[in-house]
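Step one of this worksheet: look at the structure below.
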Amino acid sequence: MSDSPAPFQAPVGTHDVLAPDSAGWEGLVATFATLAYQYGFGLVITPMFEDVGVFNRGIGETSEVASKEMYVFTDRGQRTWALRPEGTASVVRAFVQHQPPTPWKAWYVTPAFRYERPQAGRYRQHHQLGVEVLGSDDPAIDVEVISLAWRFFEAVGLRRIRLLLNSMGHEECRGRYVELLATHLDANVSRLCDEHRRSWATNPLRVLDCKRPECVAVTERGPMLPDHLCDDCRDHFAHVVEGLTSIGIESTLAPRLVRGFDYYTRTTFEFVADALDSAQNAVGGGGRYDRLAEQLGGPPTSGIGFGSGIERLLMVRVAEGVTETLLERNPDVFVVDTTGAGVATVLADRLRRSAIAVQRAYDGRSMKAQMKAADRAGARLALLVGPAEHAAGQVTIRDLRSGDFDQTQRTIDQSDVVAIVRELLTKKR
Ligand code: HAM
C-alpha cells in the first residue's frame, strides 16, 4: 500500500471550475461587465468577510440566511466575522463608510456563502453578479435596475425567463400589513407547517416565503400586500410597472413575493426560469431597501439592486438548449517548434504582443505530439518551424480548420508572420 495521504476534495456544496467550462463563466462576467458599464455602473469590491453585525442588522437576524446559514467565525483577535452570504449588505456598508456622491451605481461579481443542504442549483458557495444603486427612490431607477437584469438574460441567450413583481410598501404600509397578516395567521395557526406553527409570530412575513403547501394554502387566502399600500407606494409601484411596459418588459404581479431578507421595502422582484425545476428556478432577485443604509449607521438613503446566480444562469442556458458560446477561448495560433532552438518563444512573444492568442508545446515534444496538442487546444492556425524552416528564416502556416492542408498550407518569411496571421484570422471570422 502507498504511504501517500488520501487527496483532498473541494468542500461539500462547492465546486472547482476548470477550463474549458470556466469560459462560460468568463463569458457571463464579461457580458455583465459590459452591460453594467453601458448602464453607468462602476465596479465595487468589498471584503469577503464582514463584522457579523453587518448581516445580522442588514438582512435580519430572523431571516433563514442569517439565523441558520451563515458561516460565522471568531479570529485570533477574538472578533466575530461572517463570510458574506449575499452582496447587498456589504456594498451598503461600504457606501456608508465612504459616502460617495449619489446616485451611486455599483456592480459586483462575488462568491456568497450559505450553509445550505447542497443540491442541484443550491450550493454552499455560489457566485453572484449584481448591482446596487444608492441615493434615489425615483421609480426610473427601479426600471433601470430591472431592465439591466432583463437585457443581461437576453444577451446571454435566455428566452424563457419571467419577471415576478411586487411592492412591499414603505415601513408604515409594511407595518400595517404585517399586523393584518399576523391576525390571519393567528386564526389559522393549526393549518401552518410544523416550523411556522411554532415560529410565525417572530416574523409573519417569512410565512409568505414558505414553499410548503400547508403555508401556501393559508397565505393564499390571506391579505395581499398590494391591496394595502398607501397612495405614495401605490403610485411608485404603478410608475415602475408603467416604465417597464414602456420598454417592452412584461411583469407578473406576485402579491406574496417578499423575498428572504428583512431589508426589502417597496419594489421586490424575482426572475424565474421556466426551464428549471421549480424548487431552484430563481435566476435572480432583488428589490428596494430604503432603510438599510440607516440600519447600518448611515444617513437615510434609498437603495435598490439585484443579484443573479452564475451557476443557475449556466444551468438555465443548458436547460434552454442555448449553444452559442459567449466567449471564444480557443487559441488563434499554436506554434509547433521542432528546432530545439527556442524559436517558439520568440514567435509566440511577437504574436502575443500583437494581441493574438498563442499556445505552444514544451519539453521538446515530437512533431506528432505537438500537432495533437494543437488540435486538442482547438487552435485555428498552426505555425510549424522545423530545422529547415529555421535555417531559411521561414515558417509554415497551416489552417487547422479547413481540413484541406494542400490548399491552406504555405511557407512564409518569419518577418511576415504577424501580418499574415492577422490577415488569415480576419478572413476566417
Ligand atoms: P438572493 O435571491 O438570495 O438575493 O440571491 C440572488 C440569486 O443568487 C438567486 O436568485 C440565485 O440565482 C442565486 N443563489 C442564491 N442562493 C444560492 C445558492 N445557495 N446556490 C446557488 N445559487 C444561489 C440576494 O442575495 C440579494 N442580495 C439580491 C439583491 C441585491 N437584493 C437587492 N440587491
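Whatever order the structure lists them in is the order used to number ligands and atoms, beginning at 1. Below, each value reflects all heavy atoms present in this structure, side chains not excepted, and no hydrogens, waters or symmetry copies.
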Would you say [X] touches ligand 1, if touching means a heavy atom closer than 4.0 Å?
{"X": "Arg259", "value": "yes"}
{"X": "Arg114", "value": "yes"}
{"X": "Gly284", "value": "yes"}
{"X": "Phe271", "value": "no"}
{"X": "Gly121", "value": "yes"}

What atoms of ligand 1 come closer than 4.0 angstrom to any heavy atom of [X]?
{"X": "Gly285", "value": "10 (O), 28 (C), 29 (C)"}
{"X": "Glu86", "value": "25 (O), 26 (C), 27 (N)"}
{"X": "Gly307", "value": "6 (C), 7 (C), 28 (C), 29 (C), 30 (C)"}

Heavy-atom nearest option to atom 19 (N) of ligand 1, drawn from Met315, Arg312, Gln125, Glu116: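 Ranked by closest heavy atom to atom 19 (N) of ligand 1, first place is Glu116.
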
So which of Gly58, Gly260, Ala282, Ala112 gets nearest to atom 12 (O) of ligand 1, if we judge by its closest heavy atom?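 The nearest heavy atom belongs to Ala282.
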
Tell me which part of [X] gets within contact of ligand 1: side chain, backbone, both or neither, using heavy atoms under 4.0 Å.
{"X": "Tyr264", "answer": "side chain"}
{"X": "Val283", "answer": "backbone"}
{"X": "Glu132", "answer": "side chain"}
{"X": "Tyr263", "answer": "side chain"}

Is any side-chain heavy atom of Leu296 less than 4.5 Å from a side-chain heavy atom of Tyr263?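 Not in contact.
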
How about Leu129 and Tyr108: do any of their side-chain heavy atoms sit closer than 4.5 Å?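 Result no, sub-4.5 Å side-chain heavy-atom pair not found.
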
Nearest protein heavy atom with distance in Å, relative to [atom]:
{"atom": "atom 15 (C) of ligand 1", "result": "His126 NE2, 3.3 Å"}
{"atom": "atom 8 (O) of ligand 1", "result": "Gln128 NE2, 3.4 Å"}
{"atom": "atom 24 (C) of ligand 1", "result": "Phe261 CE1, 3.4 Å"}

Inspect the surroundings of CZ in Arg117 and state if more than 12 heavy atoms from other residues, nucleotides or ligands are less than 6.0 Å away.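 Not buried by this count: 12 neighbours or fewer within 6.0 Å.
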
Around atom CD of Gln38, are there more than 12 heavy atoms of other residues, nucleotides or ligands at under 6.0 Å?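 Count over threshold, so yes.
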
Could you tell me whether some N/O pair between [X] and ligand 1 is separated by less than 3.5 angstrom?
{"X": "Gly305", "value": "yes"}
{"X": "Tyr123", "value": "yes"}
{"X": "Tyr289", "value": "no"}
{"X": "Thr88", "value": "yes"}
{"X": "Glu270", "value": "no"}
{"X": "Ile304", "value": "no"}

Given the side-chain rings of [X] and [Y], with only the six-membered ring counted for Trp, is the space between their centroids under 6.0 Å?
{"X": "Tyr39", "Y": "Tyr37", "result": "no"}
{"X": "Phe49", "Y": "Trp81", "result": "yes"}
{"X": "Phe152", "Y": "Phe32", "result": "yes"}

Look at the side chain of [X] and the backbone N and O of [Y], then say whether any donor-acceptor pair between them is shorter than 3.5 Å.
{"X": "Arg360", "Y": "Val333", "value": "no"}
{"X": "Asp363", "Y": "Arg365", "value": "no"}
{"X": "Asn166", "Y": "Ala254", "value": "yes"}
{"X": "Gln128", "Y": "Pro111", "value": "no"}
{"X": "Asp290", "Y": "Gly303", "value": "yes"}

Does the ring of Tyr115 carry Arg124 above it, NZ/CZ under 6.0 angstrom from centre and within 45° of its axis?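 Yes, Arg124 sits over the ring of Tyr115.
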
For side-chain hydrogen bond (donor to acceptor under 3.5 Å, both in side chains), just list the numbers for Gln295 and Arg57, CA-CA rounded to whole Å, side-chain angles, deciding distance to a tenth of an Å, and then say yes or no. CA-CA 7 Å; Gln295 280 154 4; Arg57 267 199 262 162; over 6 Å; no

